[in-house]
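All of these numbers come straight from a predicted model, not from anything done at the bench.
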Amino acid sequence: MKEEVNYNRIKSALEFIAANYKKQPGMNEIAEHIHLSEFHFQRIFKEWSGITPKKFLRSITFEELKKNIETTENLAELSESTGLSSPSRIYDLFVDIESVTPEEYKTKGKGIEIRYGIHETPFGKCLLANTKRGICALEFADEEPASLVQALKEKWQNATFEENQHETGAIIDTIFGNKKQPLKALLYGTNFQVKVWEALIKIPYGKFTSYSSVAEMLGRPNASRAVGTAIGKNNIALLIPCHRVIQQIGGIGGYKWGVERKLAIIGYEKSMNENKPK
DNA sequence: AATGCTTTATACT
DNA sequence: AGTATAAAGCATT
């Protein structure tokens with residue numbers, strides 16, 4: 001995986017796209033913005049995402065996003081046909097979720113052993129933390145991942161920690177490589193938050209939903225804003241597909257790890273769809 | 001009491 | 001018709 005090398009440049013391109021995607025900037029504008037020739041830009045972009053910048057851009061436009069928004073009814077139908085406890089699919093692999101017991105939540109992770117490591121991904125550096133019962137954190141860092149480790153320890157104050165690049169590295173390979181192997185995730189949050197996250201895994205790969213649809217699924221049609229904050233509290237990127245929730249009108253909405261990263265992931269998923277359809 | 005990965009209603013170009 | 005503001009709504013700190 002050498003995509004990582006270029007993520008920083010891709011990232012600045014995406015920043016530009018994020019700021020201007022509504023008006024469909026030309027390739028030359030984007031290339032200019034990251035100080036690369038149009039040609040070279042296309043090349044590294046293709047290398048990173050597997051599709052041309054133009055296609056990528058189109059896939060994240062207003063109309064395109066809107067077209068793939070699943071309404072509450074559709075999602076309900078989907079989860080019914082696949083069974084309520086159906087695992088989430090991500091990059092061709094399945095994720096099973098479980099949440100921390102109320103006791104563990106109250107005691108801030110007492111008795112839980114966490115192994116963590118820092119790794120390179122197509123979306124920049126990330127911190128991955130694992131437990132016996134599943135992955136409990138997958139967070140992206142723009143600069144020093146050390147602060148993420150600190151935040152992790154603060155959150156799970158009474159858990160034990162051990163750095164184990166080897167173990168977490170294998171998981172990274174599973175997620176980004178081609179080893180098909182089911183994954184587990186361990187959720188840690190308030191009742192409401194867990195419900196929201198559970199709802200998210202029902203969004204199929206390559207599809208989107210809106211904050212208000214999620215709110216409806218929970219039976220609180222007007223809680224869209226609360227849903228937004230709950231989603232923002234999620235700390236298991238990708239596995240809990242919070243990047244598949246966008247604004248109802250097709251806007252991109254916010255993202256905990258940067259809007260440009262959200263676009264990157266969305267586009268990346270789309271390109272995976274195109275590259276190996278079915 | 002204030003805040004946020006929203007949404008809608010209203011008021012203006 | 002598009003775009004800027006205001007206000008409504010709700011879990012969390």
Which atom of Ala185(A) lies closest to which atom of Ile236(A), heavy atoms considered = CB-CD1, 4.2 Å
Kindly indicate whether the side chain of Lys55(A), heavy atoms from C-beta on, has any atom under 4.5 Å from the side chain of Lys270(A).
-> no
Protein-nucleotide distance (Ile249(A), atom CD1; dT7(B), atom P), rounded to Å | 8 Å
Given dA11(C), dT13(C), dT7(B), which nucleotide is nearest the side-chain atoms of Gln248(A)?
-> dT7(B)
Closest to the Ala226(A) side chain: dG9(C), dT7(B), dG4(B)?
-> dG4(B)
When the nearest nucleotide of DNA chain C is assigned to Arg225(A) and to Phe192(A) on a heavy-atom basis, which residue is associated with the more 5' position?
-> Arg225(A)
Without placing hydrogens or testing angles, list every side-chain donor-acceptor pair under 3.5 Å for residues 31-46 of chain A, not counting sequence neighbours.
unit_1, atom_1, unit_2, atom_2, d
Ser37(A), OG, His40(A), N, 3.0

Which residues share a ring-ring contact (aromatic ring centres under 6.0 Å, His included) with Trp156(A), sequence neighbours left out | Tyr188(A)
Using a heavy-atom cut-off of under 4.0 Å over every strand shown, decide if Gly232(A) touches base, sugar-phosphate, or nothing.
-> base
5'-to-3' dot-bracket of DNA chain B (Watson-Crick, G-U; under 3.5 angstrom; crossing pairs as [ ]; | other strand) = ||||.||||||||
Using a cut-off of strictly less than 4.0 Å, decide whether Ser224(A) has a side-chain nitrogen or oxygen near OP1 or OP2 of dT7(B).
-> no
Please work out if Thr229(A) contacts a base, only the sugar-phosphate, or nothing of the nucleic acid, heavy-atom cut-off 4.0 Å.
-> base
Considering heavy-atom distances to DNA chain C, does Lys233(A) or Ala223(A) have its closest nucleotide positioned more toward the 5' end?
-> Ala223(A)
Considering residues at least two apart in sequence or located in another chain, which fulfil the side chain to side chain donor-acceptor pair (under 3.5 Å) criterion with Arg133(A)?
-> Glu98(A), Glu104(A)
Separation of dC5(B) C1' from Lys262(A) NZ (nearest whole Å) | 5 Å
Whole-Å distance between dT8(B) C1' and Glu216(A) CD?
-> 14 Å
Protein-nucleotide distance (Asn222(A), atom CG; dA11(C), atom P), rounded to Å | 10 Å
With a 3.5 Å cut-off and just heavy-atom distances, do the side chain of Tyr211(A) and the base of dC5(B) make a donor-acceptor pair?
-> yes
Sequence neighbours excluded, the answer for side chain to side chain contact (heavy atoms under 4.5 Å, CB included) partners of Lys153(A) is Tyr116(A), Val149(A), Phe161(A)
Choosing from dG9(C), dC5(B), dC10(C), which nucleotide comes nearest the side chain of Lys256(A)?
-> dC5(B)
Separation of dC5(B) atom C1' from Ile203(A) atom CD1, nearest Å, is 13 Å
Atom CD1 of Ile231(A) to atom P of dC10(C): distance rounded to whole Å?
-> 16 Å
Round to the nearest Å and state the distance from Asn235(A) atom CG to dC5(B) atom P.
-> 14 Å
Provide, to the nearest angstrom, the distance between the CH2 atom belonging to Trp197(A) and the P atom belonging to dC5(B).
-> 14 Å
Distance-only criterion, 3.5 Å: show the donor-acceptor pairs between side-chain atoms of residues 216-228 of chain A and protein atoms not counting sequence neighbours.
unit_1, atom_1, unit_2, atom_2, d
Glu216(A), OE1, Thr72(A), OG1, 3.3

